[in-house]
2 protein chains.
Amino acid sequence: MKINCDENTLYDVAELFKNFSDSTRIRILYLLIDKERSVSEIAELLNMNQSAISHQLRLLKNSKLVRNRREGKTIYYSLADDHVLNIISQGIEHVNE
Amino acid sequence: MKINCDENTLYDVAELFKNFSDSTRIRILYLLIDKERSVSEIAELLNMNQSAISHQLRLLKNSKLVRNRREGKTIYYSLADDHVLNIISQGIEHVNE
DNA sequence: TGAACATATGAACATCTGTTCATATGTATT
DNA sequence: AATACATATGAACAGATGTTCATATGTTCA
């Protein structure tokens with residue numbers, strides 16, 4: 001495999017992986033592989049408070065790894081694209097060896 | 001793609017990605033894609049001091065992402081396996097879109 | 001053995017990060 | 001409009017992280 005990229009790209013890559021480097025965020029992303037979920041649902045599943053989840057979702061949103069949509073009072077988050085899934089599954093593969 | 005893993009695995013995955021989430025470390029890894037390199041060579045290429053590089057190499061070594069071998073006074077580091085390359089190139093791909 | 005060189009290591013420090021708490025914003029219902 | 005509910009946000013705090021400095025370790029060669 002041939003790779004070529006400049007230094008700025010590598011900074012961006014580091015930023016990208018930062019999203020996956022925290023257990024809360026990666027567990028959130030993992031939950032979203034299944035289906036879209038509301039903030040409170042995620043909070044409950046991870047047994048964490050709503051604010052913590054909300055803060056992390058904002059980071060993921062800013063990095064364009066998740067999207068959201070409002071339905072009444074509830075906001076549903078979902079994965080932005082397949083890349084996210086691919087990155088996570090590659091990580092899981094690496095760990096399971 | 002179907003994924004199934006337990007919570008502990010996700011913690012490990014977060015640990016794995018932590019290695020790629022710092023620009024110094026990812027630039028080190030990127031340099032090692034080419035070929036093995038000594039600590040001082042890496043330090044010079046990244047324009048950083050030897051100690052900083054050495055500390056980061058230790059982290060990468062502990063995570064088994066790099067290996068090293070001694071040749072006289074010099075210690076050469078290289079990527080541990082293709083996974084590392086795969087993860088980086090996937091990150092670059094994602095960023096270049 | 002002593003000097004020179006390459007790397008590793010521990011302590012100290014500043015910065016970054018994740019969580020909590022309190023509260024604000026936005027929506028639905030009465 | 002008032003209340004209840006879901007989410008977002010800012011401040012504060014503790015703990016983690018990355019770099020630097022000083023120095024230790026390990027190797028080679030004279």
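Within every chain, numbering begins at 1; the chains are lettered A, B, ... in the order of the sequence lines, protein sequences first and strands thereafter. The model shown is predicted, which means the values in this text are computed figures rather than measured ones.
Atom CZ of B:F20 and atom P of D:dG18 are 14 Å apart (whole Å). The CG atom of A:N47 sits 13 Å away from the P atom of C:dT19 (whole-angstrom rounding). Rounded to an integer number of Å, the gap from A:R37 CZ to D:dT7 P is 14 Å. Nucleotide C:dA6 holds its P atom 16 Å from the CZ atom of B:R69, rounded to whole Å. Nucleotide C:dT27 holds its P atom 9 Å from the CD1 atom of A:I75, rounded to whole Å. Rounded to whole Å, the distance from CE on A:M48 to P on C:dG18 is 10 Å. The CD-C1' distance, from B:E36 to C:dT7, rounds to 16 Å in whole Å. Here C:dG18 presents its C1' atom at 14 Å from CG of A:L46, a figure rounded to the nearest Å.
Of the side-chain N and O atoms in B:Y77, none sit less than 4.0 angstrom from OP1 or OP2 of C:dA6. A sub-4.0 Å separation between OP1 or OP2 of C:dT19 and a side-chain N or O of A:Q56 is present. Contact annotation: B:S40 reaches the phosphate of C:dT7 (side-chain N/O to OP1 or OP2, under 4.0 Å).
Of the listed nucleotides (C:dT7, D:dG18, C:dT9), D:dG18 has the atom at the smallest distance from the side chain of B:L59.
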Name the pairs: protein N/O against N/O of nucleotides 21-30 of chain D, kept only if under 3.5 Å.
from	atom 1	to	atom 2	distance (Å)
D:dC21	N4	B:S51	OG	2.6

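Within 4.0 Å of A:S54, counting heavy atoms only, lies at least one base atom of the nucleic acid. Residue contacts shown for B:K18 are limited to sugar-phosphate atoms, with no base heavy atom under 4.0 Å away.
Minimum interatomic distance between B:S23 and A:Y11 (heavy atoms only, all atoms of both residues): OG-CE2, 3.4 Å. What you find for A:Y30 and A:I92 is that their closest heavy atoms are CE1-CD1, 4.5 Å. A:L10 approaches B:I26 most closely through the heavy-atom pair O-CG2, 3.6 Å. Across every non-hydrogen atom of A:L59 and A:N19, the tightest pair is O-OD1, 4.0 Å. Across all their heavy atoms, A:T24 and A:L46 have their closest contact at O-CD1, 4.2 Å.
Distance alone, capped at 3.5 Å, is enough to place a donor-acceptor pair between the A:N49 side chain and the A:A52 backbone. Remark: the backbone N or O of B:K18 is paired with a side-chain donor or acceptor of B:R25 at under 3.5 angstrom.
Side-chain polar atoms of B:H83 and A:E97 form a donor-acceptor pair below 3.5 angstrom. For B:T9 and B:D6, the side-chain atoms include at least one donor-acceptor pair closer than 3.5 Å.
An angle of 20°, rounded to 10°, separates the two end axes of the helix from C:dT1-D:dA30 to C:dT30-D:dA1, each defined over five pairs.
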